[in-house]
Visitor: 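Following this message is one structure expressed as structure tokens.
Since the structure is predicted, the reported quantities are computational estimates derived from the model, not experimental observations.
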Amino acid sequence: MIGIDKIVNLLKHPIVESNNYINSCHDKLKKESVLQLDNFLTDEAISLLQNEAKKLHGQAYYCCQFHTILLNKKDEEISDQDPCNIEVKSDKGCVPHDLIPSKSFLNQIYKSDEFKEFIKKVLGVKNIYPYKDNLSSINYNYYEKFQQLGWHFDNASFAITLMIDSPDKGGVFQYITKGRDYENNYVDKNLISKVIKGNENVNELQVKPGSLILFYGRN
């Protein structure tokens, strides 16, 4: 295993030694539902991962899917005007975990006990577990011109994204922090309808290579 200091910028993000830093991350995520940590990766890690992503690009599987905000297929028995039944489009390229080299920094940080402990403390959970699916646990995602990830709520309770490169233009990460209460099976359909139609102000993240984003995607 490669030392975590080779991957994570520990001077800026002391995820191993500073409880104050970890607690501040926990508090911000709990308050805002999104935690953005810029310059999380070292310059060496960014460079190696960018080169790796370019080498693997030719093996990316591209697909286009239409889905609802709850990641379901459209239900013909439900009104087309129901915001939970409106189809949105997602199209991208993906390199799955089984094609990522075992020595990749992505694999190293995924298996890192230090990183795992950091995520557990930030989320405030007793434990987290690796995926059994050897395709889905780590992915390189590629978005070409005009491609997008449509509006949706995640199935998982949280998600972690590492930004490896920046778009020439566009590619804005948009989100809302209200609209769904998964635990109580509630969706604010009025708000969701406005968001899908572009009639609601939404939050935006401007991220750079090396940024880590942790968010509660289910809600």
Visitor: Please report the interatomic distance CD(Gln36) to CG(Leu205), rounded to the nearest 0.5 Å.
Guide: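 Here the rounded value is 5.0 Å.
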Visitor: Is it true that atom CD of Glu204 has more than 12 heavy atoms of other residues, nucleotides or ligands lying nearer than 6.0 Å?
Guide: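 Counting neighbours around CD of Glu204, more than 12 heavy atoms of other residues, nucleotides or ligands fall under 6.0 Å, so yes.
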Visitor: Check for a donor-acceptor pair, side chain of Thr42 on one end and backbone N or O of Lys6 on the other, with a separation under 3.5 Å.
Guide: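 Yes, because the side chain of Thr42 sits within donor-acceptor range (under 3.5 Å) of the backbone of Lys6.
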Visitor: CG of Leu191 to CZ of Arg180: how many Å apart, nearest 0.5 Å?
Guide: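 The distance works out to 13.5 Å.
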Visitor: Working to the nearest 0.5 angstrom, can you tell me the gap between Asn134 CG and Leu99 CG?
Guide: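 Those atoms lie 9.5 Å apart.
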Visitor: With side chains defined as the heavy atoms from C-beta onward, is the minimum distance between His97 and Asn107 less than 4.5 Å?
Guide: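 In short, these two side chains touch, coming nearer than 4.5 Å.
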Visitor: Establish, from distance only, whether the side-chain atoms of Glu114 and Ser112 form a donor-acceptor pair under 3.5 Å.
Guide: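 Side chains of Glu114 and Ser112: pair found under 3.5 Å.
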Visitor: Spell out, as yes or no, whether a donor-acceptor pair under 3.5 Å connects the side chain of His13 to the backbone of Leu41.
Guide: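 Checked: no pair found.
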Visitor: Of all heavy-atom pairs between Gln50 and Pro209, which one has the smallest distance, and what is that distance?
Guide: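 Between these two residues, the closest heavy atoms are NE2-CB, 3.8 Å.
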Visitor: Would you confirm whether Asn72, through its side chain, and Thr68, through its main-chain N or O, come within 3.5 Å as a donor-acceptor pair?
Guide: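 No: the side chain of Asn72 does not pair with the backbone of Thr68.
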Visitor: To the closest 0.5 Å, what do you measure between CD1 (Ile2) and CZ (Phe105)?
Guide: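 Spacing of CD1 (Ile2) from CZ (Phe105) equals 4.0 Å.
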Visitor: Name the one of Ile109, Ile46, Asn9 that satisfies side chain to side chain contact (heavy atoms under 4.5 Å, CB included) with Phe40?
Guide: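 Answer to the side chain to side chain contact (heavy atoms under 4.5 Å, CB included) test with Phe40 among Ile109, Ile46, Asn9: Ile109.
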Visitor: Can you list the steps and then say if Ile192 with Phe153 is a side-chain contact (heavy atoms from CB on, under 4.5 Å)?
Guide: CA-CA 11 Å; Ile192 297 303; Phe153 292 105; 3.7 Å; yes
Visitor: Grab the two heavy atoms, one from Tyr110 and one from Pro130, that are nearest each other, plus how far apart they are.
Guide: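 Tyr110 and Pro130 have their closest heavy atoms at OH-CA, 3.3 Å.
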Visitor: Following the transitive rule for hydrophobic clusters with a side-chain heavy-atom cut-off under 4.5 Å over Ile, Leu, Val, Met, Phe, Trp and Tyr, establish whether Phe115 and Ile100 coincide in one cluster.
Guide: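 Yes.
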Visitor: Are the side chain of Ser24 and the backbone N or O of Tyr21 linked by a donor-acceptor pair below 3.5 Å?
Guide: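 Side chain of Ser24 to backbone of Tyr21, a donor-acceptor pair under 3.5 Å: yes, one is there.
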Visitor: Is there a donor-acceptor pair closer than 3.5 Å between any side-chain N or O of Ser211 and the backbone N or O of Lys208?
Guide: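 The answer is yes, because a donor-acceptor pair under 3.5 Å joins these two groups.
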Visitor: Spell out, yes or no, whether Tyr131 and Leu162 are grouped together once hydrophobic residues are joined by side-chain heavy atoms under 4.5 Å, including indirect joins.
Guide: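 Cluster IDs for Tyr131 and Leu162 match.
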Visitor: One pair to check against side-chain contact (heavy atoms from CB on, under 4.5 Å): Leu29 and Tyr216. What are the steps and the verdict?
Guide: CA-CA 8 Å; Leu29 177 62; Tyr216 291 130; 3.6 Å; yes
Visitor: Sub-3.5 Å donor-acceptor pair from the side chain of Arg218 to the main-chain atoms of Asp154, do we have one?
Guide: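 No, the answer is negative, given that no donor and acceptor are paired below the 3.5 Å cut-off.
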Visitor: Please determine whether side chain to side chain donor-acceptor pair (under 3.5 Å) holds for the pair Glu144 and Tyr62, giving the CA-CA distance in whole Å, both sets of side-chain angles, and the decisive distance to 0.1 Å.
Guide: CA-CA 10 Å; Glu144 310 294 348; Tyr62 280 84; 2.4 Å; yes
Visitor: Strictly by modelled atom types, are Glu52 and Tyr140 linked by a side-chain donor-acceptor pair under 3.5 Å?
Guide: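 Yes, because at least one side-chain N or O of Glu52 sits under 3.5 Å from a partner of the opposite role on Tyr140.
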Visitor: Please say whether more than 12 non-hydrogen atoms of neighbouring residues, nucleotides or ligands are located less than 6.0 Å from NZ in Lys116.
Guide: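 Yes, the 6.0 Å shell around NZ holds more than 12 heavy atoms from other groups.
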Visitor: What's the verdict on side-chain contact (heavy atoms from CB on, under 4.5 Å) for Ser33 and Tyr175, showing C-alpha distance, side-chain angles and the deciding distance?
Guide: CA-CA 10 Å; Ser33 297; Tyr175 69 99; over 6 Å; no
Visitor: Evaluate Leu56 against Tyr142 for side-chain contact (heavy atoms from CB on, under 4.5 Å), listing each step before the verdict.
Guide: CA-CA 10 Å; Leu56 291 172; Tyr142 303 83; 3.8 Å; yes
Visitor: Is there a donor-acceptor contact under 3.5 Å from the side chain of His26 to the main chain of Val122?
Guide: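 Judged by distance alone, yes, a pair lies under 3.5 Å.
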Visitor: Please check if the number of heavy atoms outside Asp133 that lie under 6.0 Å from its CG is greater than 12.
Guide: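 More than 12 heavy atoms, drawn from other residues, nucleotides or ligands, come within 6.0 Å of this atom.
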Visitor: Do Asp82 and Asn85 have side-chain atoms, one donor and one acceptor, less than 3.5 Å apart?
Guide: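 The answer is no; no qualifying pair exists.
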Visitor: Could you tell me if the side chain of Val207 sits less than 4.5 Å from the side chain of Ser166, heavy atoms only?
Guide: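 No. Closest side-chain heavy atoms not under 4.5 Å.
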Visitor: Would a hydrophobic clustering, with Ile, Leu, Val, Met, Phe, Trp and Tyr connected at side-chain separations under 4.5 Å, put Phe215 with Ile69?
Guide: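 Different clusters: Phe215 never reaches Ile69 through Ile, Leu, Val, Met, Phe, Trp or Tyr contacts under 4.5 Å.
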Visitor: CD/Glu200 to NZ/Lys178 distance, rounded to the nearest 0.5 angstrom?
Guide: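 Reported to 0.5 Å precision, the distance equals 10.5 Å.
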Visitor: Identify whether Leu214 and Leu149 are in the same connected component of the hydrophobic contact network (ILVMFWY, side-chain heavy atoms under 4.5 Å).
Guide: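 Different hydrophobic clusters.
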Visitor: Just wondering, are more than 12 heavy atoms of other shown residues or ligands nearer than 6.0 Å to OH in Tyr143?
Guide: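 Above 12, so yes.
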Visitor: What about Ile128 and Ile22, same hydrophobic cluster or not, with Ile/Leu/Val/Met/Phe/Trp/Tyr joined at side-chain heavy-atom distances under 4.5 Å?
Guide: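 Same cluster: Ile128 reaches Ile22 through Ile, Leu, Val, Met, Phe, Trp or Tyr contacts under 4.5 Å.
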Visitor: If you measure from the Lys or Arg side-chain nitrogens to the Asp or Glu carboxylate oxygens, is any gap between Lys120 and Glu117 under 4.0 Å?
Guide: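 Here Lys120 pairs with Glu117 in a salt bridge, since their nearest N and O are under 4.0 Å apart.
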Visitor: So with a 6.0 Å cut-off around CG of Asn51, is the heavy-atom count from everything else above 12?
Guide: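 Enclosed.
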Visitor: When rounded to the nearest 0.5 angstrom, what is the spacing between NZ in Lys31 and OG1 in Thr177?
Guide: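 Answer rounded to 0.5 Å: 11.5 Å.
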Visitor: So which heavy atom on Cys84 is nearest to which on Val187, and how close?
Guide: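 So the two residues come closest at SG-CG1, 3.9 Å.
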Visitor: Compare all side-chain heavy atoms of Gln148 with those of Val88 and state whether any distance is below 4.5 angstrom.
Guide: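 In short, these two side chains do not touch, never coming nearer than 4.5 Å.
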Visitor: Can you tell me if CG on Asp43 sees more than 12 non-hydrogen neighbours from other groups inside 6.0 Å?
Guide: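 At most 12 heavy atoms, drawn from other residues, nucleotides or ligands, come within 6.0 Å of this atom.
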Visitor: Step through the shown structure and confirm whether more than 12 heavy atoms of other residues, nucleotides or ligands are within 6.0 Å of CG on Asp168.
Guide: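 Not buried by this count: 12 neighbours or fewer within 6.0 Å.
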Visitor: Check whether any side-chain N or O of Asp91 sits under 3.5 Å from a backbone N or O of Gln147 as a donor-acceptor pair, and report yes or no.
Guide: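 Absent.
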Visitor: Indicate the atoms forming the closest heavy-atom contact of Ala45 with Ile7, along with that distance.
Guide: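 Smallest heavy-atom distance, with atoms named: CB-O, 3.7 Å.
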Visitor: Quick check: do Trp151 and Val202 have side-chain heavy atoms less than 4.5 Å from each other?
Guide: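 Trp151 reaches Val202 side chain to side chain.
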